[in-house]
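Protein chains get the first letters and strands the later ones, always in sequence-line order, with residue 1 at the start of each. Quantities reported herein were computed from a predicted structural model and do not represent experimental measurements.
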Protein chains: 2
Amino acid sequence: MTEKKPKNAISPRREEDYPEWYQQVVKVADLAENSPVRGAMVIKPWGFAIWENIQQGLDKEIKRLGHVNAYFPLFIPLSFLEKEAAHVEGFAKECAVVTHHRLEEKDGKLVPSGELEEPLIIRPTSETIIGDCYSRWVESYRDLPLLINQWANVVRWEMRPRIFLRTTEFLWQEGHTVHANKEEALSETLTMLEMYRKFTEETLAIPVIVGEKSPGERFPGADSTFTLEAMMQDRKALQAGTSHYLGQNFAKASNIQFTTKEGNLEYGFTTSWGVTTRLIGGVVMTHSDDDGLRLPPRIAPNHVVIIPVVPNEEVEEEVFAYADKLAASLRSLDYHGRPLAVNVDKRDLRGGEKNWEWIKKGVPVRIEVGPRDIENQKAMVARRDHGPKDKQGISVDQIPEQIVRWLDEIQSAYYNQAKSYHDAHCREDIETFDELKAFFTPKNKNKPEIHGGFVKAKWCGDESTEEMLKELQVTIRCLPLEQSGTEGRCVLTGKPATLDAIFAKAY
Amino acid sequence: MTEKKPKNAISPRREEDYPEWYQQVVKVADLAENSPVRGAMVIKPWGFAIWENIQQGLDKEIKRLGHVNAYFPLFIPLSFLEKEAAHVEGFAKECAVVTHHRLEEKDGKLVPSGELEEPLIIRPTSETIIGDCYSRWVESYRDLPLLINQWANVVRWEMRPRIFLRTTEFLWQEGHTVHANKEEALSETLTMLEMYRKFTEETLAIPVIVGEKSPGERFPGADSTFTLEAMMQDRKALQAGTSHYLGQNFAKASNIQFTTKEGNLEYGFTTSWGVTTRLIGGVVMTHSDDDGLRLPPRIAPNHVVIIPVVPNEEVEEEVFAYADKLAASLRSLDYHGRPLAVNVDKRDLRGGEKNWEWIKKGVPVRIEVGPRDIENQKAMVARRDHGPKDKQGISVDQIPEQIVRWLDEIQSAYYNQAKSYHDAHCREDIETFDELKAFFTPKNKNKPEIHGGFVKAKWCGDESTEEMLKELQVTIRCLPLEQSGTEGRCVLTGKPATLDAIFAKAY
C-alpha cells in the first residue's frame, strides 16, 4: 500500500528537513544567495524589495515617534571598543579588523601595505562611535532627549552563518537615544519595543511574545534588554528585535554628561534598539509552506501579478490590452499607504511556469486572463493563502472592488495561522526539569524531527541556573511583560518561584 | 575713510577665504562633522535629511526607468580586484584592507587575531563583486537587460579628505546594468546621464554641463565615461555624477556571458553610474551665501519654519495655538510629491536667535507670528532668497494660497543665480596656452583669491597633451555633448582642432 503524497514545489518539505527546506524557499523565491565572502549574503531584488517595504514602514513609525535619522562612520577605532568592559566581552571578539589602507604590487600580486597606527573595527553595533559624538553634542538638559536612528550595515564575524538569520554582514536600523533620567529612558525603551511588536504582528503578521531578557541573555553593557520572540514553524524561537535600557553605563564610558536645570553635571541615560534583515528570515520561516514563500500583503513587493494567457499570437495584443487595463485600474488603488503594486507578466513563458514562479515567490494574488475571459468580461483569481490549483472566475469589474478586502483577508489568514501554530506549541503544563528535558529532546538523534516549542514555566530568577539549560540547547527567551503573578515552583530547581519565563530552542 | 561692511553670519566671507567659508557653512548649518576616524564624516540629522530627500527623489527616477534595487557585500576578495587590469590601477591603491576577523586580549590590550587566508577589501565601488554575481545570473538573452541599482556605503582611503566632497567613507548609489549589445548599453549610459542632469538642475537647482570625459579622466576600466560638471562659487568644477559605458571589459573580467537568440555565446555589454553624498557639498557650495546655507525647497528637510514670538508668558498659549493652526493648514499641502514640511519652533530661545539659526540652516521660508499678528490675522513672512531683515506682513489666509508659489520662486531664483554665475565665468574667448595659463593663475600666490572659471576651447584630442595642464592644476572636465562642430586651433598645441572641451580647476 503506497500513500500518494501531494506534489509540492519545494523539496524537501518542512517536516522532512526543515533547515534545508528553508534554504530552498530562499532560493526558489529568489530572495538572496551566498556570496564568495563566507557568511556575507547577496540580497537579490525580490528579497531587497521586501526589505525596502520593511524599512519604509519602520522608518515612518520611528519618525512619527520623534526620532531623526543620521549617519555615523563604518569604522570604529579599536580603543573605543575597550571603553565599556562588558561591551568588549560581548562584541570585540568576532569582528572584521582593518589593519592597512593600501595595496601594493609585489611579485605581480597585490599585498596589503600602509599599516594603520591603530587598527579599525568594522562596526558590529555603533554604541561606542555614536557615544563619542553624543559626548560632544550633549551639553545641557535642553539638548535632551536626543533621539537619533541610523540605517546601516554592520559586521559580526559569524562562525556558523545562515542566510538572513545570521550573516557576517547584515542591514539594520539602530536607534540611540539619550535622556535626562531613568524613567524617560526606560519609557523610550518600552515605547520602541511596543512599536516593534505592533509592526511585527500587524505588518509582518508574525505573532510575538514581548518580554525582558534574563541576565544571561542581556545585551553586553545593558542594564536591561527587552525582546520580541517569535515561533518559527520548526518551533524554535527567533529573536525578532531588541530594545535596550543602557542605564548610565555607556554614558560613563563615552562621557556623555549634561548640565541639569539645577546646574549640576550628570551622566545621561541611554537606550538603543534595533531590528535587522533577519526579519526577512522570520517572514520566510513563519509563513512559507511546501510550495514556497507566502508574503504578507503589507510587505509584498507586488500585491498582484496578472498573467495573460495567450494560446496563439493573433490574440496576444488583445489579451495584453485587457491585462494592462485591469492593471491600471488596480494601480490607482491604495493599500495601507502604498499604491497597489501590480505586475503584468508578459514574458514568453508557459502560463503554468509563470504561475508556479509567482506561487514560489509568494505574491498574494494571481490573476489569469485569456481570450475566453475577455468574452465573458471575467478573470481567474487565485490567492496564495488557498491551494495552488484553487482559482475562481470573477467578473472583471468586481476585482478592483474586492482586491483590498482579499489582501486584508490574506494578511489576517497568515497571522491567524501563525498564531494558531504558536498557541498549539506553547506549553504551560511543564513543571519539572525532567519534563522540560523530555519536551526538548528529539526522538531521533541522527535526523531530528520538528519537536519542542515554547514552554512557559516558573523560574526562580537565579542567573546561575541558566547554565542547566545548556545541555538541552535551550535558553530562557524572555520573562514576558505580562506576568501572571502566581506562585509556583521553578522548573529548573524546584524552588518557590513567581516569575513566568519562556524557555525554547532558538536561532 | 572706512567702508562699512555688512555684518554676516558666516566668518570668513566667501571672498575672504572660500575653503574656510565652506567648512563654516557646513558647521553652522549643522550638516556634518569630522569623526575620530580620519576622513570619515558623521552626517548629522539636518545633513542626513537632505540626503534622504536626494535619495528618495533619485530612487523614484531610477525605478521609473525600470531598475530594481539589490544589496551586495561590503567585502570584496582581494583576488577579485586583480581581474580587471585598468581597474586595479585606478582603485586597488588606496583602500581599506581587512586582514583579521577577531580581537584577542594580550597584556590587557586588544590586538587583531584570526588572520584571514585572503585579505578582504572594503568596496571602493562594486563592479567586481557584482560582476561575480552577474556571471551566475546572466545565462540567456532573455535575462537581459539586467538593470540593478544599489544604495550603499563605499570606502576610498583619502589622503586629503574634505567633508562631503572627498571623504574616506561616503554614501552613494551605484547602478550596474548588462545589455545584449553596445547600442543598448550606450543608450542606458546616456539615459542615466540625462536623468542625473534633470535631477541636478531641477531638484538641486545646480546648472551643469554634461559631456564625455577625456581619456585621461576616464573611470578605470571604462570605454567611455560621461559626467556632469557644475561650477562652484569659487569657480572650480565639481563632478556631480558619472555614467560609464564599460564595453565588454568587465564582462570579460567577470565572465558575464549570455546565449544569443541565435544560440551563440557572447559577453555582455555593461554600464555603471553613480552619484554620492558629494552632492550635498555641491548644494552647499552652489547656493550658500555669507549668512549660511540656502536650501533649494525641493530638498529642504523643512520648507517652512514658524517662529512664535512670545513677549510674555500670558500670551504663549494663544500664540502657540495660532502657530499650530497655520502649520496644520500648510502641512495639508503637497510640494512636488511630498507633504509640505513645517516646523513650529517652540524652543525657549529668543526670536532673533531662532531666526538666525534657521537662516544659517537654509530653511526656504520663515514665518513669525506674535500677539499683534493675531489681532490683525497676519504673519511676518521672510524668504531665504531675500535679505535676512526683509520681512513682509501678510494676511494669514493668504499664506496657504501663496506658499507653493513662493517655494517655486525660491527654487527658480537659486537656479537662476547659479546659472548667471556659471555663465558669467564661462569663457569662450581663450585661444592660446598662454591665455589659459594667465586665466588660471591667481594674482596672489600666498593667499589665492577666487579666480578662473570654465574655459570652453578647442582641443586636438591628443591624450598626451593633457599632461600640459598639470602645471596649471587644470584638467579637461569634459567634451560637452553639445558640440559646435566648428574648426579652430587647439588651445594647448595650436594644431587644427574641432572638439570643444571644458577646462577648469576642479574638486
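Proximity to chain A is absent for every atom of Thr167(B), based on heavy atoms less than 4.5 angstrom apart. Both the backbone and the side chain of Leu74(B) come within contact range of chain A, judged by heavy atoms closer than 4.5 Å. Of the two parts of Pro119(B), only the side chain, counted from C-beta on, holds a non-hydrogen atom closer than 4.5 Å to a non-hydrogen atom of chain A. Interface remark: Asn69(B) contributes backbone and side-chain atoms alike to the contact with chain A (heavy atom separation under 4.5 Å). Looking at Arg347(B), neither its backbone nor its side chain comes within 4.5 Å of chain A, counting heavy atoms on both sides. If you measure heavy-atom distances from Thr277(A) to chain B, you find no contacts under 4.5 Å at all. Heavy atoms closer than 4.5 Å to chain A are found nowhere in Asn149(B), neither backbone nor side chain. With a threshold of 4.5 angstrom between heavy atoms, Leu171(B) approaches chain A through side-chain atoms but not through N, CA, C or O. Heavy atoms of Asp59(B) lying under 4.5 Å from chain A belong exclusively to its side chain. Residue Glu118(B) does not touch chain A at all, counting heavy-atom pairs closer than 4.5 Å. With a 4.5 angstrom heavy-atom cutoff, Trp137(B) touches chain A only via side-chain atoms. Contact annotation for Glu33(B): only side-chain heavy atoms (C-beta onward) come within less than 4.5 Å of a heavy atom of chain A.
Comparing Asp132(B), Thr168(B), Leu120(B), Thr99(B) by heavy-atom pairs within less than 4.5 Å of chain A, the highest count is held by Thr99(B). Per-residue heavy-atom pair counts under 4.5 Å with chain B were compared for Val111(A), Val155(A), Ile129(A), and the maximum is reached by Val155(A). Highest contact tally toward chain B, considering only Ala40(A), Ala96(A), Gly47(A), Ser113(A), is held by Ala96(A) [criterion: heavy-atom pairs under 4.5 Å]. For the set Phe75(B), Phe72(B), Trp51(B), the count of heavy-atom pairs under 4.5 angstrom toward chain A peaks at Phe75(B).
Atoms CZ and OH, on Phe170(B) and Tyr71(A) in that order, are 11.5 Å from each other to the nearest 0.5 Å.
Between Glu174(B) and Arg123(B) there is no salt bridge, since none of the side-chain N atoms of the basic residue sits less than 4.0 Å from a carboxylate O of the acidic one. At a threshold of 4.0 Å, the pair Arg64(A)-Glu61(A) counts as salt-bridged, since one of the basic side-chain nitrogens sits closer than that to a carboxylate oxygen. Using a cut-off of 4.0 Å between Lys/Arg side-chain N and Asp/Glu carboxylate O, Glu117(B) and Arg38(A) are scored as not salt-bridged.
Looking at Val97(B) and Ile121(B), their side chains come closer than 4.5 Å, going by heavy atoms from C-beta outward.
For Lys63(A), the NZ atom is densely surrounded, since the number of other residues' heavy atoms within 6.0 Å is greater than 12. Within 6.0 Å of atom NZ in Lys27(B), 12 or fewer heavy atoms from other residues, nucleotides or ligands are found, so the atom counts as exposed in its surroundings.
Taking every heavy atom of both residues into account, Ala29(B) and Trp46(B) meet most closely at O-CD1, 3.4 Å. The shortest non-hydrogen separation linking Asp334(A) to Gly337(A) is OD1-N, 3.0 Å. Summarising the geometry of Asn53(B) relative to Ile299(B), their closest heavy-atom pair is ND2-O, 3.1 Å, with the distance given to 0.1 Å.
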